[in-house]
Amino acid sequence: MLNPTSLLLAGASMLAIAAASHAQDLADPLPTGTIMLDPITLVADGQENVEATGGSVVTEQDIADMQPADASELFARDASVSVSGGAGPSKRIHVFGLEQSSLAVSVDGVPQFKDNWHHSGSNVIDPAFLKRVEVESGAAAADAGFGAGAGAVRYETLGARDLLTDGRSKGGRIGLSYGSNGRGLTANLAGYGVYENVDWFVMLHRADGDNYENGDGYEVVGSKPATSGALLKTGYEFEGHRVELSYEYNKDSADRVTRMNMDVGQTKEVFPLKVTRNTISLKYTEVSPTALWDPEVMIYASRNNYDRPDYIEDAARGDFRMKAETVGGLVQNRFEVGPGSVTAGIDWAYDDYHIDNYGDTDAPVHNLETMQVGAFVQGRFEFDNGIDISTGARLDHQRFTDWNSERHSDTGASVNGTISYEFAPGYEVFAGASHTWMGFDLGEYGYLHARDSSMAVASDYEPATARNYKLGLNATQGDWTGNLTFFDTRLKNLANSYYRESDDSYTLDNAEEYRSRGFTLQGNYSWGSGRVGASVTKANVEYDGEDALPSGGDAMPIGTVASLFVDQDIPQYNLRVGGTLELADRLDGDYLTEAGFSDHAGYGVVNTYAEWRPESHQNVVVRLGVDNLFDKTYYERSSYVQYSPRDVQPLYAPGRTVTLGLNMDF
């Protein structure tokens, strides 16, 4: 009889063979002479190295260098991640052209809601709170969470023990900045400390500005910064145990356009909109885990609100409130097995959704809910012969109760495996594959605000699934690292966005297959006082076998995009200087113009910064940043493109923006 370790290893081998046999269909030929970002080995310290398989990591140093104001700036150095433009609540995150609703997204381990409406953004996250972000693209581990069809995005926020240094027991941090072109004033204040067995962290953040202008001086209405938030954490350690309570609050409240991801008719009409998120979690871990006992237990609750007034009475044209609430938990343990470790556990989540359209349709209120319970096991093994293996499986059950109080339930299994081989010192090849059961996809359920009681769910509605393949090469030589990854992701049975059957009937049914395939290339070189890096991603994004249109949905064409960056310390002047170059090629073709879209313009944008730390005040940093240095007029890749039949214009990115900031630790 096979033991669990043998089963996991066998699963990894079969999936890796499938990935290798599939590799010839993954991507177009590579251009020559390209470099890119930071892999080492596939498995290290019991976890996957995300960058080693084509993913990306925004480190604490990256965040300190870039001082990002929003998601666009947060991912500016990662070509695999595209963010649409406009105001904060309009920004949608795509990985390899696939919207993040098909990924398992979490903040400090708490799963986040999927996208609710194609005119709104993916989620509200304030970069001021962040310590690190990992984007695991494609085949994700079983313990990455439920619904990791196209990968996982993990945000990690700051805490007291991240900021306390040199044996200090308490401290604080203050940050102030002011920027031109609508950037306005941004401020954050943090206090943190440790007293005996208790640690605590409190951070407050606020940004307030005006609408920005693009490079041609055109005002993008409804784009003003208007975020505020708070992050509170406290931990208690006793007899080797640790309990941590965390609360996070984010709000964006300002006058916005009715459809935030586009400029419709350039009417410049705005209306009040408030988007909020509240999350509370309680986590238990061991301070000094053993080989067989390294547990994590967490319970959490969160609530997302989307509120706008009834500005058009008796018409379902954007007037609605949405509320999504969840309660969930996780119980897992990591234990050593032979040459590696195994993580096993269960997770669950109950989600409740409420859409109120002020009585502007025959069904003024829609309620729906889901319940998911899953069990998972993931093994990670490092062998002396240069072979690393990560493999695992999940079994999930989900129940979906729709707005007509009809129940749909199903159970599905997921399996993943990645194997790597170091064939020479510093050189490693790998192959990976996964099949993921994602449950019933609710799609953009915000559509319900404009649908009446005839809205139905198809009788044969099926759960969504995903299939991923990866094949690549890692290299590490001295101060150089590099990675080349070919990828192929297919998403089946996502929601079809509540299509119209007739003038008075709408149905939720399964969409055709989405697919993204191509390559990503990363590289990094460090010389002690500085570093340079680059990343290039080429993705062919399709829907039902045809090129995907830039219509702002589950998949967006991104073509070839690249990012290059450099950071350099100048010790004699206590300076650090750096910059980022963002590039995207032009997308054109009959498939765009015949559907009413304009060609997708390419662009090249330069962002620069300089930081000065006075020699007599090493706790003070003065920063000057210039974004879009050459004042280019462009819209970010994955943004909605001009659509002539409905007079839709894209939301342009900001023109040149100069920001002066001060950060001080005390």
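At a cut-off of 3.5 Å, with distance as the only test, no side-chain donor of N416 or S414 sits close to an acceptor on the other residue.
Taking CG of N493 as the reference point, atom OH of Y514 lies at 11.5 Å (rounded to 0.5 Å). The OH atom of Y284 sits 15.5 Å away from atom CE of M298, with the distance rounded to the nearest 0.5 Å. Atom CG of N49 is separated from atom CG of N474 by 7.5 Å, given to the nearest 0.5 angstrom. Taking CG from L494 and CG from D441, the interatomic distance works out to 5.0 Å, rounded to the nearest 0.5 Å.
Closest approach of A150 and T489 over heavy atoms only: CB-CG2, 4.1 Å. Between M438 and G149 the shortest heavy-atom distance is SD-CA, 3.7 Å. Here the closest non-hydrogen pair linking V541 and I558 is CG2-N, 4.5 Å.
Electrostatic pairing of R399 and E369 counts as a salt bridge here, judged by a charged N lying under 4.0 Å from a carboxylate O. A salt bridge links E237 to R161: one of the charged nitrogens lies within less than 4.0 Å of a carboxylate oxygen. For D554 and K114, the salt-bridge test fails: no basic side-chain N is under 4.0 Å from an acidic carboxylate O. In summary, R154 and E156 do not engage in a salt bridge, as defined by a charged side-chain N under 4.0 Å from a carboxylate O. In this structure, E513 does not pair ionically with R515, as no charged nitrogen and carboxylate oxygen lie closer than 4.0 Å. Contact check on D294 versus R334 returns a salt bridge, with a Lys/Arg side-chain nitrogen under 4.0 Å from an Asp/Glu carboxylate oxygen. Using a cut-off of 4.0 Å between Lys/Arg side-chain N and Asp/Glu carboxylate O, E325 and R303 are scored as salt-bridged. Under 4.0 Å is where a charged nitrogen must lie from a carboxylate oxygen, and between R394 and D347 at least one such pair does. Salt-bridge annotation for E444 and R92: present, with a side-chain N of the basic residue lying under 4.0 Å from a carboxylate O of the acidic one.
Each of S638, S516, S82 was scored for a side-chain contact (heavy atoms from CB on, under 4.5 Å) with M556, with one residue passing: S638. A ring pair (Phe, Tyr, Trp, His ring centres under 6.0 Å) with Y353 is found for exactly one of W403, Y306, Y445, F400, namely Y445.
A side-chain donor-acceptor contact under 3.5 Å links K233 to the backbone of L158. No donor-acceptor pair under 3.5 Å is formed between the side chain of T418 and the backbone N or O of S390. Panel note: side chain Q378, backbone A141; no donor-acceptor pair is recorded below 3.5 Å. T234 places a side-chain N or O within 3.5 Å of a backbone atom of D199 that can act as its donor or acceptor partner.
Within the 4.5 Å cutoff, the side chain of T465 has heavy atoms near those of the H435 side chain. Considering only heavy atoms from C-beta on, N468 stays 4.5 Å or farther from D488 through its side chain.
When the shell of 6.0 Å around OH of Y427 is examined, it contains 12 or fewer heavy atoms from other residues, nucleotides or ligands. The 12-atom threshold is exceeded at CG of N385, counting heavy atoms of other residues, nucleotides or ligands nearer than 6.0 Å.
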>> Walk me through whether F96 and F487 qualify under ring-ring contact (aromatic ring centres under 6.0 Å, His included).
In response: CA-CA 9 Å; F96 295 155; F487 62 86; 3.8 Å; yes
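In this structure, F238 and Y236 have parallel ring planes: the angle between them is below the 30° cut-off, well short of the 60° mark.
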